[in-house]
Amino acid sequence: MTYDHRTALINGLLDLAAFLEAHPDVPVSSSVTVHHFPDQGSDADQRAEIDQIAALVGSVIDYADSPYGHYATSRLFGPVEYRAVAVLAAARARHDAEASYRGCIQPDPTPAT
């Protein structure tokens with residue numbers, strides 16, 4: 001038997017919905033987003049996948065994240081969002097450069113109060 005991540009995700013979402021419905025005292029957030037990220041191919045390949053997803057879900061490209069190097073589309077189901085995001089090469093490079101400093105700077109200890 002092979003593992004089917006799509007079926008597992010759908011079943012997990014249904015199980016979560018049933019659990020929350022059965023346990024009204026459990027707090028929930030006001031919204032939830034399910035993300036899909038294409039494999040890190042070329043920028044052109046990633047954009048093509050997002051364009052295809054936009055056509056499948058009936059949405060348009062969301063250019064709000066473009067300055068950050070993301071190419072995205074989404075569809076809302078009330079407070080639930082399906083969002084497909086391509087993190088383009090320049091954004092990945094910028095993130096890697098910023099992350100290269102991680103651990104190099106140690107903040108002063110927080111004084112005890």
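Note that the structure is predicted; figures quoted are calculated from it, not measured.
- The cluster map of Ile, Leu, Val, Met, Phe, Trp and Tyr, joined by side-chain heavy atoms under 4.5 Å apart, puts Val87 and Ile61 in different clusters.
- The backbone N or O of Glu81 sits nowhere less than 3.5 Å from a side-chain atom of Thr33 that would complete a donor-acceptor pair.
- Leu16 and Val28 fall within a single hydrophobic cluster, where Ile, Leu, Val, Met, Phe, Trp and Tyr side chains are chained together by heavy-atom contacts under 4.5 Å.
- Here the rule is side chain to side chain contact (heavy atoms under 4.5 Å, CB included) with Glu49, and of Asp45, Ile53, Asp51 only Ile53 fits it.
- The shortest non-hydrogen separation linking Ser74 to Ser59 is O-CB, 3.1 Å.
- Nearest heavy-atom pair across Arg92 and Gly41 is NH2-O, 4.1 Å.
- Linking Ile, Leu, Val, Met, Phe, Trp and Tyr residues whenever their side-chain heavy atoms come within less than 4.5 Å leaves Tyr82 and Leu13 in two separate clusters.
- Between Tyr71 and Asp43, the side chains place no donor N or O within less than 3.5 Å of an acceptor N or O (distance only, hydrogens not considered).
- With hydrophobic clusters built from ILVMFWY side chains whose heavy atoms lie under 4.5 angstrom apart, Val26 does not share a cluster with Val32.
- Atom CG of Leu56 sits about 10.0 Å away from atom OG1 of Thr73, to the nearest 0.5 Å.
- With a 6.0 Å radius and a threshold of 12 heavy atoms from other residues, nucleotides or ligands, Asp39 has its CG atom at or below the threshold.
- Residue Ile50 comes nearest to Val85 through the heavy atom pair CD1-N, 3.8 Å, listed as atom of the first residue, atom of the second, then distance.
- Contact record, Ser30 with Pro79: O-CB, 3.3 Å, taken as the closest heavy-atom pair.
- The only member of Leu76, Asp62, Val57 that meets side chain to side chain contact (heavy atoms under 4.5 Å, CB included) when paired with Arg83 is Asp62.
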